[in-house]
Amino acid sequence: MAREKKINFSVIEKKWQREWEKKKVFQVNESRSKKKFYVLEMYPYPSGSGLHMGHALNYTIGDIYARFKRMNDLNVLYPMGYDSLGLPAENAAIKTHMHPKSYTEKAIKNFIRQQKELGLSYDWSRVIETHDPNYYKWDQWIFLKMFERGLAFRKKAPVNWCPKCNTVLANEQVHNGMCWRHKDTEVEIKQLEQWFLKITDYADELYEGINKLNGWPDRIKTMQKNWIGKSYGTEILFEVDGEKWPIFTTRPDTLFGVTFMVISAQHPELMKFVTKDQKKNVGKFLKKIKTVSQKSIKEVEELDKQGAFTGSYAINPINNEKIPIWVGNFVVADYGGGIVMAVPAHDQRDFEFAKKYKLPIKEVIRGKNNNIKQRAYAGEGNLINSGKFNSMNSKKAINAITKELQKKKLGKITTEFKLKDWLISRQRYWGTPIPIVYCDKCGITGVKEKDLPVKLPEKVKFGKGNPLTTAKSWIKTKCVKCGGPARRETDTMDTFVNSSWYFLRYCDPQNKKVIFDKKKADYWMPIDQYIGGAEHACMHLIYFRFYTKFLRDLGLLKIDEPTYNLFNQGMLHGEDGFVMSKSRGNVVLPEKVSKKYGIDTARLFLVSLANPDKDIQWSEKGIQGSFRFINKVMNYFNKSKFGKSSKKFESKINKTIKDVSSDVDGFRYNLAIIKLKKLFDVIEKEEKIAEKDAESFLKMLAVFCPHICEELWHKIGKKSFISLEKWPVADLKKIDEKLEAQEKVVEKLIEDVNNIIKLVKEKQKKAVKRGFVYVLPNEKQIYAGKDDIISKRSNIKIEIFAVNDKNKYDPENKSKKVKPGRPGIYLE
RNA sequence: GCAAGGGUAGCGAAGUGGUCAAACGCGCGGGACUCAAGAUCCCGUCUCUCAGUGAGUUCACAGGUUCGAAUCCUGUCCCUUGCACCA
């Protein structure tokens with residue numbers, strides 16, 4: 001028997017990849033005639049180990065979408081770039097004794113090659129690399145704009161310090177409180193002057209804007225809301241030694257229940273509160289806390305509440321009661337003023353603290369099942385022990401008490417946020433240099449715009465602390481103001497700075513004069529579909545919203561949000577069930593799979609397993625299913641001749657076009673593929689189909705399997721690129737549910753025939769050789785010509801008769817049993 | 001602890017009030033082809049019944065709403081992820 005011709009996929013792939021590149025098929029420009037559509041995947045950090053199937057999945061998801069939109073006559077911007085600055089590159093470079101620059105550039109080259117081999121339809125003319133001074137120049141430019149406006153500033157802050165490395169570490173480098181290089185070394189917290197970006201200025205807009213992000217997964221939106229953490233409450237002024245201190249509470253209704261105050265142990269002005277005779281006590285407590293802060297994070301979490309009396313008293317503004325002020329380890333220093341009013345009866349934390357130090361517990365709200373002896377009651381109820389507010393409902397009392405305080409100018413309604421300012425200082429080499437100069441006379445000044453970029457010096461020593469501090473001649477500079485001797489800032493920026501605006505640079509990647517052309521950004525932005533992992537929910541996905549808003553306020557953008565549509569793709573797991581990663585050793589390389597099955601098979605398989613937002617598992621067996629399908633399609637088109645489609649087929653294909661279009665648009669690729677496979681099953685069974693219908697099938701398949709579809713497109717005589725063809729439009733008039741129903745009746749008949757064959761074999765122990773089907777005269781047309789299919793699918797010769805056919809062969813008079821939609825069957 | 005998302009046939013995965021014993025793929029069983037294997041094609045794959053159109057028990061568990069529930073409600077258990085003393 002003739003073996004089907006083995007297909008050389010790699011020849012086909014190379015051929016079309018070359019064609020696409022040569023003819024610049026995926027390059028785009030601003031166009032007035034076409035509507036734009038911006039598809040973007042989060043750009044990768046170009047790791048030296050290259051791409052594996054997990055990456056391939058991510059990019060394939062976006063590529064399918066971009067191809068789909070492109071074929072739907074949209075002007076699709078689909079770019080790719082590399083997040084090439086950052087700690088991993090620096091460390092990998094040190095490890096391999098290479099300079100981060102050459103290490104990174106090699107990695108990028110490799111990435112690009114691999115991505116091209118995946119058949120991704122990027123506009124390669126727009127590639128950006130963040131380590132390119134022409135890129136990070138604009139990081140610095142933005143920084144200076146923020147600096148001018150007070151949004152970039154210096155502040156003392158606690159940072160992670162490894163005593164063995166003798167350097168500051170990024171948060172990512174701290175694992176369970178230990179240095180990642182020295183697993184036995186605890187990271188210390190050091191207070192250092194650091195650069196911050198004042199993202200908190202945008203906290204409210206970032207929070208409220210979440211409601212407008214209709215195309216974002218709820219999960220991400222909730223995470224951001226929790227992270228930004230907006231609370232509505234009341235700011236109350238408590239007097240201490242004639243000075244008024246604001247404290248924040250969401251429960252002013254419990255104000256009469258305040259029995260003590262607690263100030264954070266990290267409060268910068270803590271010592272103001274500590275009286276002479278308590279100094280020793282507090283000092284002892286602080287010392288204890290300090291050693292604790294060096295314990296692993298887990299231990300800290302398990303710690304109970306501790307504190308010490310400061311010796312000071314505050315005046316409760318509602319009843320002038322004198323209440324003691326304690327210092328405590330459980331109060332967050334930079335939230336709500338760093339001091340809390342403690343209501344042990346109605347707050348569990350205060351309750352525990354009060355129990356431990358035997359402080360009074362005063363009940364002021366009577367709910368349904370208070371049991372103040374055991375735990376705090378945080379619910380609603382009616383006020384008691386609260387003067388003129390007694391018997392008022394607690395919800396009402398929130399307003400009433402706030403109003404009362406407002407009258408006395410001792411309180412006001414306010415909101416608080418959990419979001420903290422963004423610490424961007426990194427004592428590392430491979431990042432964007434902060435464009436700041438220190439002069440002993442003039443202080444801190446920003447580098448002049450015309451002097452940007454401040455380029456990274458290439459000659460530095462790696463291995464000990466911040467390499468930039470070893471670039472003596474680089475550090476030495478002239479003061480921007482007075483021209484006198486000055487020194488450069490040696491901190492670099494967090495790599496997330498680079499990714500906070502890269503999507504804008506794609507709009508105008510080569511611009512040397514400005515960060516991007518406003519008109520171009522106006523045309524392309526916002527991103528119509530952003531695709532990336534959920535792990536960035538509270539980092540990149542907040543930062544890029546912040547930058548967008550800042551650049552808008554600079555007058556560079558008209559939009560408020562970078563994107564209203566975000567898709568979180570799932571992760572690929574290896575065959576061992578764990579997330580695919582090099583360190584785990586379970587990676588599958590696209591090159592290898594490509595060789596064996598062709599990359600289109602891999603692309604198809606990756607998105608056919610499950611909805612792309614779900615985690616999936618690679619399986620060598622599973623890919624066979626996709627491989628079979630691809631081969632069938634190739635073989636079909638290699639020998640197909642076209643004619644006229646049957647009515648039934650026209651119905652089928654138009655229904656498929658309709659469904660597949662909406663499935664792909666909704667990222668339900670897995671369902672789209674099933675429908676394409678079913679359609680192809682029918683195509684194979686049809687005697688002939690119209691060329692136009694065959695084209696439609698290929699076009700739909702092309703978004704998943706672009707290489708072989710280009711090949712087949714040309715095989716059937718086309719000269720254009722299928723990648724640029726128009727997506728088929730369903731002709732709804734041709735969809736005929738009746739024909740579909742008739743198809744089901746035939747299916748049922750086949751099922752029945754097979755069932756009887758099985759029964760005869762089992763019960764009567766004899767083989768069936770042929771069969772006869774008896775149908776009602778008015779249904780004859782449904783079964784016309786079906787004898788072949790039924791024969792094929794039951795493996796016996798089938799003849800179909802009308803019940804009223806006088807010449808029919810019917811020894812057991814089965815035709816008597818016939819009902820509408822249920823033909824009679826006789827087998828022998 | 002709080003929040004979000006889940007638990008569907010051997011496995012993966014669709015389905016979110018009737019057309020559901022539940023698409024599709026993998027696996028498995030049978031058959032055709034072949035000297036044979038592979039590939040390919042066809043059939044089957046909850047249980048029972050049977051020369052067919054039938055019955056029964058299912059969609060984590062327990063209740064409930066409904067003429068009708070995998071799908072809605074309540075409670076419980078389990079999983080995954082995120083946040084974690086934010087007053």
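Hydrogens, waters and symmetry mates are skipped; everything else that's a heavy atom, side chains included, is used. Remember, predicted model here, so these are calculated numbers, not experimental data. Quick note on labels: first sequence line is chain A, next is B, and so on, each numbered from 1.
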message = Salt bridge check, A:E321 against A:K362: does any charged N sit closer than 4.0 Å to a carboxylate O?
response = yes
Presence of A:K221 side-chain N/O under 4.0 Å of B:rA4 phosphate oxygens OP1/OP2 = no
ask   = Counting any heavy atom closer than 4.0 Å, what does A:D347 reach on the DNA or RNA strands: base, sugar-phosphate only, or nothing?
value = nothing
key: P gap between B:rC46 and B:rA22, integer Å   = 9 Å
Please write out each protein N/O paired with an N/O of nucleotides 23-25 of chain B under 3.5 Å, distance rounded to 0.1 Å.
| residue | atom | partner | partner atom | Å |
| --- | --- | --- | --- | --- |
| B:rA23 | O2' | A:K678 | NZ | 2.4 |

remark   = Against the side chain of A:K621, the closest entry in B:rC26, B:rC85, B:rU81 is B:rC26
note = By the Watson-Crick or G-U definition, both distances under 3.5 Å, B:rC41 is matched with B:rG31
ask   = To the nearest Å, how far apart are A:M539 CE and B:rG82 P?
value = 11 Å
ask   = Can you find a side chain N or O atom of A:K418 that sits less than 4.0 Å from OP1 or OP2 on B:rA84?
value = no
message = I'd like to know whether the aromatic ring centres of A:Y636 and A:F680 sit less than 6.0 Å apart in this structure.
response = yes
ask   = Under the ring-ring contact (aromatic ring centres under 6.0 Å, His included) criterion, do A:Y335 and A:F417 qualify, and how do the steps go?
value = CA-CA 8 Å; A:Y335 182 85; A:F417 295 92; 9.2 Å; no
ask   = For A:K632, which contact category applies under a 4.0 Å heavy-atom criterion: base, sugar-phosphate, or nothing?
value = sugar-phosphate
message = When the C1' atoms of B:rC11 and B:rU19 are compared, how many Å lie between them, rounded to an integer?
response = 28 Å
A:S231 side chain, from C-beta outward: closest of B:rG27, B:rA87, B:rA51 = B:rA87
ask   = Paired with B:rA84 by Watson-Crick or G-U wobble geometry, both distances under 3.5 Å: which nucleotide is it?
value = none
inquiry  = What contact category does A:G824 fall into here, base, sugar-phosphate, or nothing, at under 4.0 angstrom with non-hydrogen atoms?
reply    = base
request  = Check the distance between B:rG30's P and A:N755's CG and give it to me in whole angstrom.
outcome  = 19 Å
task = Compute the centroid of each ring, for A:F353 and then for A:F260, and state whether the two points are separated by less than 6.0 Å.
result = yes
request  = First locate atom CE of A:M341, then atom CZ of A:F248, and finally report the distance between them rounded to the nearest 0.5 Å.
outcome  = 10.5 Å
message = Measure CD1/A:I798 against P/B:rC42 and give the value in whole Å, please.
response = 16 Å
query = NA contact type, A:D334, heavy-atom cut-off 4.0 Å: base, sugar-phosphate, or nothing?
reply = nothing
ask   = Are A:F667 and A:Y669 close enough that their ring centers fall under 6.0 Å?
value = yes
message = Measuring only the P atom in each nucleotide, how far is B:rU8 from B:rA60? A whole number of Å is fine.
response = 7 Å
query = Who does B:rG5 pair with, Watson-Crick or G-U, both distances under 3.5 Å?
reply = B:rC79
query = Think A:K225 forms a cation-pi with A:Y207, using NZ or CZ under 6.0 Å from the six-ring centre and within 45 degrees of its axis?
reply = yes
key: Spacing between A:K230 atom NZ and B:rA3 atom C1', to the nearest angstrom   = 19 Å
message = Any salt bridge linking A:D659 with A:K655? Criterion: basic side-chain nitrogen under 4.0 Å from a carboxylate oxygen.
response = yes
note = Checking B:rA3, B:rC43, B:rU81 against the side chain of A:N226 (C-beta onward), the nearest is B:rA3
ask   = Pick the nucleotide of RNA chain B nearest each of A:K685 and A:I825; which residue has the one closer to the 5' end?
value = A:K685
query = Can A:E799 and A:K808 be counted as an ion pair, charged N to O under 4.0 angstrom?
reply = no
key: Same-atom distance (C1') from B:rA9 to B:rA70, integer angstrom   = 12 Å
C1' gap between B:rA13 and B:rG18, integer Å = 24 Å
note = For B:rA36, the nucleotide meeting Watson-Crick or G-U wobble distances (both under 3.5 Å) is none
query = According to the Watson-Crick and G-U wobble definitions, with both distances under 3.5 Å, which nucleotide is paired to B:rA13?
reply = none
inquiry  = On the six-membered ring of A:F629, is A:K677 placed so that its NZ or CZ lies under 6.0 angstrom from the centre and within 45° of the ring axis?
reply    = yes
task = For B:rG27 versus B:rC78, give the span between their C1' atoms, rounded off to a whole number of Å.
result = 27 Å
query = When we call it a touch if two heavy atoms are under 4.0 Å apart, what does A:V331 touch: a base, just sugar-phosphate, or nothing?
reply = base
remark   = Which of B:rA3, B:rU81, B:rA87 is nearest the side chain of A:T222? It is B:rA3
task = Show your working on side-chain hydrogen bond (donor to acceptor under 3.5 Å, both in side chains) between A:D613 and A:N568 and close with a plain yes or no.
result = CA-CA 6 Å; A:D613 67 357; A:N568 281 141; over 6 Å; no
ask   = Which nucleotide, B:rA84, B:rA4, B:rA87, lies nearest any side-chain atom of A:R219?
value = B:rA4
key: Whole-Å gap separating C1' (B:rU40) and CD (A:Q624)   = 14 Å
ask   = How far, in whole Å, is B:rA23 from B:rA14 if one measures between their C1' atoms?
value = 6 Å
message = Students often get this wrong, so: under 4.0 angstrom with heavy atoms, is A:K614 touching a base, only sugar-phosphate, or nothing?
response = sugar-phosphate
Candidates B:rA4, B:rA13, B:rA51 - which lies nearest the side chain of A:A610 = B:rA13
key: P spacing across the pair B:rG44 / B:rC61, given as an integer number of angstrom   = 29 Å
query = Nearest-Å distance, CD1 (A:I757) to C1' (B:rC42)?
reply = 10 Å
ask   = Is any side-chain nitrogen or oxygen of A:Y826 closer than 4.0 Å to OP1 or OP2 of B:rA51?
value = no
ask   = Starting at the 5' end of RNA chain B, which residue's closest nucleotide do you reach first, A:N611 or A:L419?
value = A:N611
key: Nearest-Å distance for atom pair CD1/P, residues A:I630 and B:rA39   = 18 Å
request  = Assign A:P823 to base, sugar-phosphate, or nothing according to its heavy-atom contacts below 4.0 angstrom with the strands shown.
outcome  = base
query = Who is the Watson-Crick or G-U wobble partner of B:rA62, with both distances under 3.5 Å?
reply = B:rU74
note = Taken to the nearest whole Å, CD/A:E575 to P/B:rG12 is 15 Å
